[in-house]
There are 2 protein chains.
Amino acid sequence: MTRALASRALEPTPLWLKLSSYLVLSDEEKLYLSDLERTIVREPPRTDLLQQGERYRDVRIMRDGWAIRHKALPDGRRQVVNFVLPGDLIGMYCTLFESADHSVTTLTAVEVASFPPERIGELFRSFPRLAAALAWSGAREEAIVAERLLSLGRRTALERTAHLIVELLRRLSIVNMATDGHFVLPVTQEILADALGLSIVHINRTLRRLRESGLIELNGQRITVNDVRQLASIGQFDELYLHLIRAPRRLERAFSAAHHHQNGARPDGDERAKA
Amino acid sequence: MTRALASRALEPTPLWLKLSSYLVLSDEEKLYLSDLERTIVREPPRTDLLQQGERYRDVRIMRDGWAIRHKALPDGRRQVVNFVLPGDLIGMYCTLFESADHSVTTLTAVEVASFPPERIGELFRSFPRLAAALAWSGAREEAIVAERLLSLGRRTALERTAHLIVELLRRLSIVNMATDGHFVLPVTQEILADALGLSIVHINRTLRRLRESGLIELNGQRITVNDVRQLASIGQFDELYLHLIRAPRRLERAFSAAHHHQNGARPDGDERAKA
DNA sequence: CGACTTCTTGAATGGACTCAACGGTGGTGG
DNA sequence: CCACCACCGTTGAGTCCATTCAAGAAGTCG
């Protein structure tokens, strides 16, 4: 490996930082990761990075900007599944499926890296720890979607809205995109409605209620949260599902504690059974 | 590896079959997989295999029976995130998180295998193809949750219900648990309501409408779908999201086509950029 | 056979939706 | 430079889908 590459590897990218919260990356892993982000593309707002039904495209890594992952019904009704923030992967596994079951559209100008899906095999074979960390972060994403499902299924409009605002505040503050309880939400009320399963009109009224009760302030796309505590309480927000706690580093342990498996199957443990 | 183990490996388990649809398993991989399912436990209905908030437990593999994955709000409202069927993993990544953000409860008597989370490291390091296939099947699960999110956000009660019935019919027929358009749904209307984000009363009325229009028949837990086509049309069901098509075997290709990556980062491709 | 859970149906309520209209803002071009 | 248009946000009024409340029927289990 050349010096030039090695020095380039030292710039930590959002993905780099995200995976670091799961395990301590070796220099080699950092190098490989930065190589995956070698090919960088900029896209304007309202660009489809991935389109529902589309056959194939490179895997993308969001480096800067916002996007939404969304699904549409044939008749046009639409649901925003999640917000894509820096460090998130786009179509990691979709490229291996026959075709994409969702779209990803930019909300702001973005900077994305991309690599061909063939490299996934390489990644899993040569960098198992990275592969595990990526799979893990995929599981974290699913947890977010599942929590949103709970919102749509069982929370009222007010609760849902409060919950989403607190979620975004927490997620953004990790990547230093929210300070002092305020952040930029580059989103129309229509998109908010599609994310929360509500009508535009009703989102508007719900935001007004939150504004009038003094919990939040809105000027343009800037949102200020005045009382996170109460907002979280309204939305019954429990940040457990975001899996932010990095303390145990269980993944790290799984790899270091593991007896290097060679060939057949010969681990420890006894054959217990329970009625 | 002993002969005894090798012979045991030859019984295909549901997980085995599921992963086979992504790639052709080698004998070694089959052997390892069957070793992961070595420790088998039986549990009665209404047992928690995993509990929201709980710190740690073994990874489970569902071998036989039904379970639900669900999340609850502090005030008791509940959302069923997904149905767990044979071949599905339980808590694969949760064991690596600090604590579980959802519960898994059996609906029927079940047979599950379990293995300690430390083996995940072993799996990723020694069986990259299996690891990729498992990550892939995790992505497929997320796709199902995302589709359910679309249901709760944008489909009416009737549409949602129709959609879920068709989904279960499709998923069950893959594992030979549905024949001739009928299957056993070991579920109360309360659970159905919690899965679809509706009240018990309304699910009852919705099922009645479907029954009265002749689309389905219900006797006890047995459900018969008389007109899949029309049911699918009501629910705007498009099976794309289930990712059942195994034809391309892209995963297989990603591994065989991949240039064995050795050390640093030196793949092909040019540094393009786009405005 | 009781006791419990589950299913079913009616009636009234309500949360969110649709329809509709108006105001603000920013971009475009005559 | 301002008229125009498109998009977005805001608000009112009426409607409807789904909920809650309530109570009885039908299973199910010890």
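Computation of the quantities below employed the complete heavy-atom set of this structure, encompassing side-chain atoms and omitting hydrogens, waters and symmetry-equivalent molecules. In the text below, chain A, chain B and the rest are named by the order of the sequence lines, each starting its count at 1.
Of all nucleotides listed (dC8(D), dT6(C), dA18(D)), dA18(D) comes nearest to the side chain of Thr156(B). Each of dA11(C), dT18(C), dT8(C) was ranked by its minimum atom distance to the side chain of Arg205(A); first place goes to dT18(C).
Within 4.0 Å of Arg77(B), counting heavy atoms only, lies no atom of the nucleic acid at all. Using a 4.0 Å heavy-atom distance criterion, Arg154(A) is classed as making no nucleic acid contact. Within the 4.0 angstrom heavy-atom criterion, only backbone atoms of the sugar-phosphate kind lie near Arg208(B); the bases stay farther away.
By the side-chain contact (heavy atoms from CB on, under 4.5 Å) test, Arg209(B) pairs with Leu158(B), sequence neighbours left out.
Between the side chain of Ser173(A) and the backbone N or O of Asn176(A) there is no donor-acceptor pair closer than 3.5 Å.
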Subject >> B/S/- contact track for nucleotides 22-30 of chain D, protein heavy atom under 4.0 Å >> reply: ---------

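Following rounding to the nearest Å, Arg46(B) (CZ) and dT5(C) (C1') show an atom-to-atom distance of 8 Å. In this structure, the CZ atom of Arg209(B) is 8 Å from the P atom of dA18(D), given to the nearest Å. Following rounding to the nearest Å, Leu207(B) (CG) and dT9(C) (P) show an atom-to-atom distance of 11 Å. The distance from atom CG of Leu107(A) to atom C1' of dC8(D) is 15 Å, rounded to the nearest whole Å. Here dA16(C) presents its P atom at 9 Å from CG of Leu158(A), a figure rounded to the nearest Å. At whole-Å resolution of the value, CG in Leu152(A) and P in dG15(C) are 18 Å apart.
At a non-hydrogen distance threshold of 4.0 Å, Gly197(A), Leu198(A), Ser199(A) from residues 182-199 of chain A come into contact with DNA chain C.
Between Asn204(B) and the phosphate of dT8(C), there is a side-chain N or O to OP1/OP2 separation shorter than 4.0 Å.
With salt bridges taken as basic N to acidic carboxylate O contacts below 4.0 Å, none links Arg60(A) and Glu111(A).
Ile216(B) pairs with exactly one of Thr161(B), Asp227(B), Leu207(B), Asn226(B) by the side chain to side chain contact (heavy atoms under 4.5 Å, CB included) rule, that one being Leu207(B).
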